[in-house]
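Below is one structure, written out as structure tokens; comments come after it.
All chains are named by letter (A, B, ...) in the order of the sequence lines, taking the proteins before the strands, and each is independently numbered beginning at 1.
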Amino acid sequence: MKKVEFKAYNPAAVEKKWQEIWERDNTFEPSKDHSKPKFYGLIEFPYPSGNGLHVGHPRSNTAMDIICRKRRMEGYNVLFPIGWDAFGLPTENFAIKNKIHPEIVTANNIARFKKQLKMLGFSFTWSSEVSTTDPEYYRWTQWIFLQLFKAGLAYKTEMPINWCTSCKVGLANEEVVNGVCERCGGEVVRKVKSQWMLKITEYAQKLIDGLDQVDFIEKVKVQQRNWIGRSTGAEVDFEVKDAGYKLRVYTTRPDTLFGATYMVISPEHDFIEKFKDRITNFDEVDAYREQAARKSEFERTELAKDKTGVELKGIKAINPVNGKEIPIWTSDYVLSTYGTGAIMAVPAHDERDYAFARKFGLPVIEVVAGGDIEKEAYTDIENGIMVNSGFLDGLPVKEAKAKIIEFLQEKGIGAGKVNFKLRDWVFSRQRYWGEPIPVVKCDCCGWVPLDESELPLLLPEVENYVQTDSGESPLVNVPDWVNTTCPKCGLPAKRETDTMPQWAGSSWYFIRYTDPHNNKAIASEEAMKYWLPVDWYNGGMEHTTLHLLYSRFWHKFLYDIGAVPCPEPYVKRTSHGMILGENGEKMSKSRGNVINPDDIVAEIGADAFRLYEMFMGAFDQPIPWSTDGARGCYRFLERVWKLQKNVTDEKAISKKHERAVNVAIKKVSEDYEKMKYNTAIAAMMGLVNEFYAANTLSAGDLGALLKLLYPVCPHFAEEMWTMLELGEGYIHEQPWPVCDESKLVADEVEIAVQILGKIKARINVPSSLGRDELAAYVLENETVKQLVEGRTVRKVIAVPGSLVNIIC
RNA sequence: GCCGAUGUGGCGGAAUUGGCAGACGCACCGCACUCAAAAUGCGGCGAGAAAUCGUACCGGUUCGAGUCCGGUCAUCGGCACCA
């Protein structure tokens with residue numbers, strides 16, 4: 001150890017110095033030696049917005065930086081990459097408003113983000129940096145699309161989109177707030193457009209099954225399962241009277257078939273068109289159809305609780321189990337996109353059917369006993385008994401269900417069926433700033449994929465980035481680019497002018513990181529085999545359903561075609577809580593409660609900032625910001641800094657110190673792994689308080705503390721370690737400290753003495769005592785003797801190291 | 001409505017998963033240093049004069065409950081006519 005003249009802690013100088021050293025030495029570059037055990041830590045790559053880094057980014061980044069720095073000290077070869085999810089709307093809107101090319105906007109924003117991230121000292125693998133907007137990157141995004149297309153998983157179809165009637169543009173779902181346009185407040189309606197779709201539904205079951213193999217926090221798994229929405233039931237055919245046609249429905253309650261008193265089909269159902277001539281009130285039905293189609297998103301979701309509908313007159317269906325004639329209705333409470341777009345209505349046991357039946361005076365027949373159907377639908381029927389149900393009468397619901405499915409199958413009028421809520425992924429955007437979709441439309445060959453050698457298909461220059469009046473992407477205005485020849489037949493053809501959504505580039509970036517400059521494949525087999533899957537992925541809860549599901553889908557598809565070596569991309573997924581403003585509300589410009597990381601770092605330095613973000617509260621909970629709290633963390637670093645005045649070369653100061661240090665090593669090591677950063681830091685603060693109380697500490701004590709602190713406050717720990725010459729080499733080259741369990745036990749412990757569960761005294765006892773010995777020891781104690789005097793001790797419960805409870 | 005969280009001092013939050021509630025920090029108060037202030041160091045800080053009472057509320061299990069069970073309320077997040 002070296003004695004140095006004391007100088008005040010100067011974070012700005014210390015941080016600059018170490019950032020330069022790390023950069024000069026390529027300290028965090030992973031080794032090419034693939035015989036070492038690997039660790040792949042991942043954070044969600046940021047969208048480089050014009051606002052710069054938010055205080056939320058460093059929370060996730062620091063958390064994973066801590067894990068990665070610890071892993072390196074534990075001997076792992078660590079990949080901790082960073083990149084930019086840079087396509088997307090805000091950049092495009094900024095470009096439109098300011099007439100600057102989105103490419104330039106993107107480059108500026110990335111430069112700013114990069115500077116801020118470097119300022120915070122994250123140990124990123126900068127050599128793996130990628131941007132989704134880089135043609136060498138999106139070349140492979142397009143390549144993956146071609147594979148999906150060839151596998152039949154990409155198709156184009158008519159789909160309704162959100163259309164702002166005043167801006168005359170298509171909007172993403174996120175841009176529709178409470179049914180109106182986020183920007184102008186104009187009415188948003190559904191407009192049918194031809195869209196590229198990806199068949200994620202084909203992977204629904206695999207996406208559910210895969211969840212059993214991964215270590216995601218339970219909340220995330222539950223949300224994914226709910227989003228996919230698997231349900232089991234049956235499809236049943238209802239014959240339409242005198243029509244030679246069968247109307248098929250999906251139901252999760254085939255057991256209630258005897259209670260089906262009418263049918264409802266969605267307004268979009270092609271049955272209406274087909275039986276146009278038989279429907280005696282077609283004008284009325286058609287008017288309803290049109291009205292439903294015009295309904296805005298807002299009306300459909302918020303106001304649609306009040307049921308509307310029209311009966312298809314002149315036409316009847318037949319309930320297959322009892323032969324009764326029942327009416328067919330159309331209503332927009334039945335969705336065209338789920339099941340078969342038609343239902344059998346069982347008003348006695350379904351709230352929606354009940355409300356509909358009551359409104360239109362349709363019969364309600366109870367088929368499960370127990371409720372009062374005069375008042376409301378009886379839906380809690382899992383354990384009920386069947387009534388009014390012919391051959392099912394008297395059976396418990398569960399048995400009835402099995403029996404009816406068997407019956408339907410025997411008669412050939414139905415079968416068991418699994419359905420999912422998950423829908424195919426709308427993959428088109430009528431926008432400029434996205435990856436071009438690499439297909440052409442040929443009049444004789446249809447949609448033809450580009451040859452892979454044509455990739456990347458570059459985004460052409462355009463004069464302005466605004467959508468056309470009819471809602472097409474501005475790419476339609478570039479005839480030189482649009483007009484091309486068909487790769488198949490050579491005749492003139494037109495390029496697709498839709499671009500991909502922002503989700504595309506982020507669905508596979510973790511693969512590219514393993515081998516970011518490969519120009520032959522998405523990544524080399526060797527690199528993927530070594531680095532994949534991602535060992536630990538931390539990100540926000542807001543990405544649980546879309547990003548996480550989409551990227552798992554792409555990965556599973558790539559696995560199926562042999563392009564990646566593992567079926568799941570992420571072994572472990574954790575989520576951080578959001579940082580709120582000081583007033584406890586969500587940070588936003590309009591609320592005026594935004595904290596800028598630059599200001600905080602300028603005042604207290606990156607290390608104290610990182611420390612505070614980890615200390616402020618439980619990592620997975622939302623937490624309000626407190627600048628005073630952050631200053632408290634700076635004070636803690638100053639206290640550690642000043643320990644150098646009291647440090648001695650003596651090996652060990654006391655048994656107490658030795659114990660305290662080992663307790664801290666154990667606590668901090670365990671807590672980092674559980675992402676309980678707040679308690680890990682509290683333990684280090686406690687240790688420092690002990691050092692202050694003793695007024696002295698050994699060089700070894702200080703070294704151990706600094707190693708524990710290093711992952712959170714790396715510049716600080718490097719500086720103090722090197723300045724005081726606490727060991728050979730840099731602190732980041734030291735092995736992670738290991739707790740000496742034998743040093744953990746103290747000779748004496750204070751235990752609580754309870755009488756009938758109430759604490760009456762605290763006494764010191766030898767810590768070596770076992771259960772019975774402790775009980776005996778305590779009863780001999782003078783204080784305790786006085787407490788129990790005159791009473792009979794009936795029972796003594798002793799818990800070594802903690803308490804003794806005397807029952808008397 | 002459904003699914004999932006959460007509820008502990010003035011504030012952010014801790015509590016070997018049934019064993020001393022309030023660790024650690026913020027704010028506040030006191031003392032020391034100072035001509036003074038700031039900074040720093042040390043001490044105090046749930047309520048109550050005390051016995052005691054206290055972890056959203058009511059009840060239960062247990063020698064013992066913030067933790068387990070039953071019910072109620074509140075807040076936050078996600079989904080929302082998915083048959």
Q: Return the set of residues passing salt bridge (Lys or Arg N to Asp or Glu O under 4.0 Å) with A/K667 (not counting sequence neighbours), or none when no residue passes.
A: A/D671
Q: Assess whether atom NZ of A/K359 is packed by more than 12 heavy atoms of other residues, nucleotides or ligands within 6.0 Å.
A: yes
(Q) Would you say that more than 12 heavy atoms from the other residues, nucleotides or ligands in this model lie under 6.0 Å from the CD of A/E351, or not? (A) no
Interatomic distance, [X] [atom1] vs [N] [atom2] [rounded to whole Å]:
X: A/R423; N: B/C79; atom1: CZ; atom2: C1'; answer: 12 Å
X: A/I623; N: B/C24; atom1: CD1; atom2: P; answer: 19 Å
X: A/L580; N: B/U75; atom1: CG; atom2: P; answer: 17 Å
X: A/M685; N: B/A14; atom1: CE; atom2: P; answer: 14 Å
X: A/M616; N: B/G25; atom1: CE; atom2: C1'; answer: 12 Å
X: A/Q224; N: B/C79; atom1: CD; atom2: C1'; answer: 14 Å
X: A/L549; N: B/C79; atom1: CG; atom2: P; answer: 13 Å
X: A/K221; N: B/G78; atom1: NZ; atom2: C1'; answer: 19 Å

**Q.** Atom P, compared across B/A27 and B/G41: separation rounded to whole Å
**A.** 13 Å
Q: Can you tell me, in whole Å, how much space there is between the P of B/G70 and that of B/C3?
A: 15 Å
Q: Hey, which sits more toward the 5' end of RNA chain B by its nearest nucleotide, A/G686 or A/P622?
A: A/P622
Q. Step by step, would you call A/S626 with A/D628 a side chain to side chain donor-acceptor pair (under 3.5 Å)?
A. CA-CA 5 Å; A/S626 159; A/D628 277 333; 5.4 Å; no
For a quick check of understanding: with a heavy-atom distance under 4.0 Å over all strands, which category does [X] fall into, base, sugar-phosphate or nothing?
X: A/K760; answer: sugar-phosphate
X: A/I343; answer: base
X: A/A345; answer: nothing

Just N and O in the side chain of [X]: are any of them under 4.0 Å from OP1 or OP2 of [N]?
X: A/N678; N: B/A14; value: yes
X: A/Y338; N: B/A83; value: yes
X: A/S231; N: B/A83; value: yes

Q: Mark up nucleotides 15-21 of chain B, 5' to 3', with B wherever a protein heavy atom is under 4.0 angstrom from a base atom, S wherever such an atom reaches only the sugar-phosphate, and - elsewhere.
A: S---BBS
Q) Would you say A/K645's side chain and A/F6's backbone share a donor-acceptor pair under 3.5 angstrom? A) no
Between the side chains of [X] and [Y], does any donor sit under 3.5 Å from an acceptor?
X: A/S266; Y: A/Y338; result: no
X: A/Y250; Y: A/S231; result: yes
X: A/D424; Y: A/T201; result: yes

I'd like a table of atom pairs between the protein and nucleotides 1-8 of chain B - only N or O on both sides, under 3.5 Å - with the distance next to each one.
unit_1 : atom_1 : unit_2 : atom_2 : d
B/C3   : O2'    : A/N226 : ND2    : 3.2

Straight-line distance of [X] [atom1] to [Y] [atom2], nearest 0.5 Å:
X: A/L756; Y: A/K795; atom1: CG; atom2: NZ; value: 12.0 Å
X: A/S575; Y: A/H543; atom1: OG; atom2: NE2; value: 10.5 Å
X: A/N764; Y: A/E750; atom1: CG; atom2: CD; value: 5.5 Å
X: A/C713; Y: A/F636; atom1: SG; atom2: CZ; value: 7.5 Å

Q: Taking Watson-Crick and G-U wobble pairs with both distances under 3.5 Å, convert RNA chain B into its dot-bracket string, 5' to 3', dots for unpaired and | for cross-strand pairs.
A: (((((((..(((......[....))).(((((.......))))).((....))..(((((..]....))))))))))))....
Q | Audit row: A/D212, A/R225, salt bridge (charged side-chain N to carboxylate O under 4.0 Å, His left out) steps and yes/no | A | CA-CA 11 Å; A/D212 295 334; A/R225 286 198 191 100; 3.6 Å; yes
**Q.** Options B/C24, B/G41, B/U52, nucleotide nearest the side-chain atoms of A/A682
**A.** B/C24
Tabulate atom names and distances for all N/O pairs under 3.5 angstrom spanning the protein and nucleotides 26-34 of chain B.
unit_1 : atom_1 : unit_2 : atom_2 : d
B/C26  : OP1    : A/R635 : NE     : 3.2
B/C26  : OP1    : A/R635 : NH2    : 2.8
B/A27  : OP2    : A/R635 : NH2    : 3.2

Q) Does B/G9 fall in syn (glycosidic angle within 90° of 0) or anti? A) syn
Review item, nucleotides 42-49 of chain B N/O atoms under 3.5 Å of protein N/O:
none

**Q.** A/E44/A/R573 under salt bridge (charged side-chain N to carboxylate O under 4.0 Å, His left out): CA gap, chis, key distance, verdict
**A.** CA-CA 11 Å; A/E44 285 167 351; A/R573 165 81 184 192; 2.9 Å; yes
Where does the angle between the aromatic ring planes of [X] and [Y] fall among parallel (under 30°), tilted (30 to 60°) and perpendicular (over 60°)?
X: A/F609; Y: A/W625; value: tilted
X: A/Y9; Y: A/F716; value: perpendicular
X: A/Y677; Y: A/Y672; value: tilted

Q | Under 3.5 Å donor-acceptor pair, A/K307 side-chain atoms to B/C81 base atoms | A | yes
Q.
Check whether A/F356 forms a cation-pi arrangement with A/K307 (NZ or CZ under 6.0 Å from the six-membered ring centre, at most 45° off the ring normal).
A. no
